[in-house]
Amino acid sequence: MNYTEAVDYIETIPKFTVKHPPEHTRELLSRLGNPQEGIKIIHVAGTNGKGSVCAYLNAMLLAGGKKTGLFTSPHLVCINERFQINGEDVSDEQFLDAFLKVEKAAKEYEAEGEGHPSYFETLFLMGMLIFKEAGVEYLVMETGLGGRLDATNVVEKPLACIITSISRDHTEYLGDTLEAIAGEKAGIIKAGVPVIYDASQPGPASVIAAKAKEMGSPAWPMEPSFYEMKTQSREGITFTFAYPGGEKAELAIPYVAKYQMMNASLAFYTMHILQDVHDIPKNVLAEGLSKIKWPCRM
């Protein structure tokens, strides 16, 4: 099988399989050698802004000299876009190699009476193999649909969980209120793992805070009052960021939409909270934000 045939096969998966419970994904990861283990993962969920937050995080880690993986969805042109290593899409060869390994494990599991992994599950499994074999140190990982039952949620101990703004999406699966949807997104919260979240909406914010408390996880609400715009032009936005008791930072992003200040602040706040882990100076983080690559999903 070649790369084109592999992509064509993946695109047919929704026609013959269904979404599976997390136990299904965990078993396949185990059969693949648990490639997710040993990678420092930042897990991002939410309705709006996930792609931007992931891109900001990746840009800051790259500015700090870290080897990074980036797992996002959907893709715009080429399916390889879903997997980036150090800011570059994976090669067709890397893609095919991972697919063949996942498909071999999937066929063996099917022979035991289990279902074939779903479309997103297949890509997630491939991603974990790709990033492990590439030797990435940090992986910025975006959820697919929801959070609680998402394939990515089998990662047991991420460095941090981020939840972006909440709005109504996929209500047939996630619920018909913002609070219900926030509950599904908050399903990525792990015991003791820091949670950084958009606190601009009281309803969803209260749900996320309650889940963090239930899990014994440090909660860091990101309030719009933490940032203030200085300039806005076709080149982007400059703004200040400071949380209560924290030192003010001068930040710049190459976007003109005001809501991007929240997305950038969520990413910057997360990296500051994890500073003892990643050991990247604040000025380097700010530089990374300003050099985020276009294009990026909003």
Side-chain angles (χ1 to χ4, degrees), residues 6 9-46 50 69 71-74 82-83 98-133 136 139-163 169-175 180-193 195 207-208 210-212 214-217:
Y9 178 83
I10 290 171
E11 294 300 335
T12 68
I13 290 176
K15 299 177 183 177
F16 64 81
T17 193
V18 297
K19 182 177 177 64
H20 300 288
E23 293 73 24
H24 188 272
T25 310
R26 290 193 185 97
E27 175 61 25
L28 284 167
L29 281 172
S30 177
R31 292 177 182 226
L32 293 168
N34 284 314
Q36 78 282 6
E37 294 181 352
I39 302 176
K40 300 170 184 175
I41 297 174
I42 301 177
H43 201 184
V44 183
K50 290 184 298 179
F71 179 74
T72 58
S73 61
R82 293 171 179 255
F83 320 95
F99 169 76
L100 292 174
K101 291 175 180 175
V102 168
E103 189 58 18
K104 180 177 182 294
K107 292 297 185 185
E108 292 172 352
Y109 202 26
E110 275 191 291
E112 299 172 18
E114 299 295 334
H116 189 285
S118 68
Y119 178 87
F120 185 78
E121 190 180 11
T122 297
L123 295 174
F124 168 67
L125 294 167
M126 287 173 57
M128 295 306 101
L129 280 178
I130 288 169
F131 298 129
K132 185 67 172 184
E133 293 178 4
V136 305
L139 170 60
V140 180
M141 183 174 69
E142 179 185 1
T143 62
L145 171 62
R148 181 175 63 91
L149 297 177
D150 193 74
T152 62
N153 205 29
V154 299
V155 171
E156 295 180 353
K157 195 71 175 179
L159 289 181
C161 297
I162 303 175
I163 303 177
D169 68 323
H170 301 287
T171 54
E172 67 274 28
Y173 303 111
L174 305 180
I181 294 169
E184 289 296 315
K185 308 290 186 180
I188 70 166
I189 297 174
K190 303 296 188 298
V193 174
V195 183
V207 171
I208 296 166
K211 182 65 176 180
E214 174 191 333
M215 300 298 291
S217 302

Point-to-point distance, once rounded to the nearest 0.5 Å, from [atom1] of [X] to [atom2] of [Y]:
X      : Y      : atom1 : atom2 : answer
Thr152 : Met128 : OG1   : CE    : 8.5 Å
Cys161 : Ile188 : SG    : CD1   : 4.5 Å
Ile41  : Lys190 : CD1   : NZ    : 10.0 Å
Leu159 : Leu139 : CG    : CG    : 10.0 Å

Residue pairs fulfilling salt bridge (charged side-chain N to carboxylate O under 4.0 Å, His left out) with at least one residue in residues 18-31, sequence neighbours excluded: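 Salt bridge (charged side-chain N to carboxylate O under 4.0 Å, His left out) check on residues 18-31 returns Glu23-Arg26, Glu27-Arg31, Arg31-Glu112.
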Pairs meeting criterion salt bridge (charged side-chain N to carboxylate O under 4.0 Å, His left out) with involvement of residues 144-161, two or more places apart: Arg148-Glu184
Pair Thr25-Glu121, side-chain donor/acceptor within less than 3.5 Å: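 Yes, Glu121 and Thr25 have a side-chain donor paired with an acceptor closer than 3.5 Å.
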Test side-chain contact (heavy atoms from CB on, under 4.5 Å) applied to Ala98 - qualifying residues, sequence neighbours left out: Met126, Leu129, Ile130
Closest non-hydrogen atom pair between Lys132 and Pro35, with its separation: CD-O, 3.1 Å
Ile13 versus Ser118, closest heavy-atom pair with distance: CG2-C, 3.7 Å
Check: Gly187 main-chain N/O paired with Asn153 side-chain donor or acceptor under 3.5 Å: yes
Whether Lys211 side chain and Ala186 backbone form a donor-acceptor pair below 3.5 Å: no
Mutual orientation of the aromatic rings belonging to Tyr109 and His24 [parallel < 30°, tilted 30-60°, perpendicular > 60°]: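 Rings of Tyr109 and His24: tilted, as their planes differ by 30° to 60°.
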Ring geometry between Phe71 and Phe83 (parallel below 30°, tilted from 30 to 60°, perpendicular above 60°): tilted
Residue pairs, two or more places apart or on separate chains, that pass side chain to side chain donor-acceptor pair (under 3.5 Å) and touch residues 9-18: Tyr9-Glu103, Tyr9-His116, Glu11-Tyr119, Thr17-His20
Validation row: [X], [Y] side chains within 4.5 angstrom (heavy atoms):
X      : Y      : answer
Val102 : Leu28  : no
Lys40  : Pro158 : no
Lys104 : Leu100 : no
Val155 : Met141 : yes
Val44  : Thr143 : no
Phe120 : Ser73  : yes

Those residues that, when tested against Lys101, pass salt bridge (Lys or Arg N to Asp or Glu O under 4.0 Å) (two or more places apart): Asp97, Glu133
Residues that Glu114 engages under salt bridge (Lys or Arg N to Asp or Glu O under 4.0 Å), provided they are two or more places apart: none
Please identify each residue that fulfils side-chain hydrogen bond (donor to acceptor under 3.5 Å, both in side chains) with [X], with sequence neighbours left out.
X      : result
Ser217 : none
Gln36  : Asn34
Glu37  : none

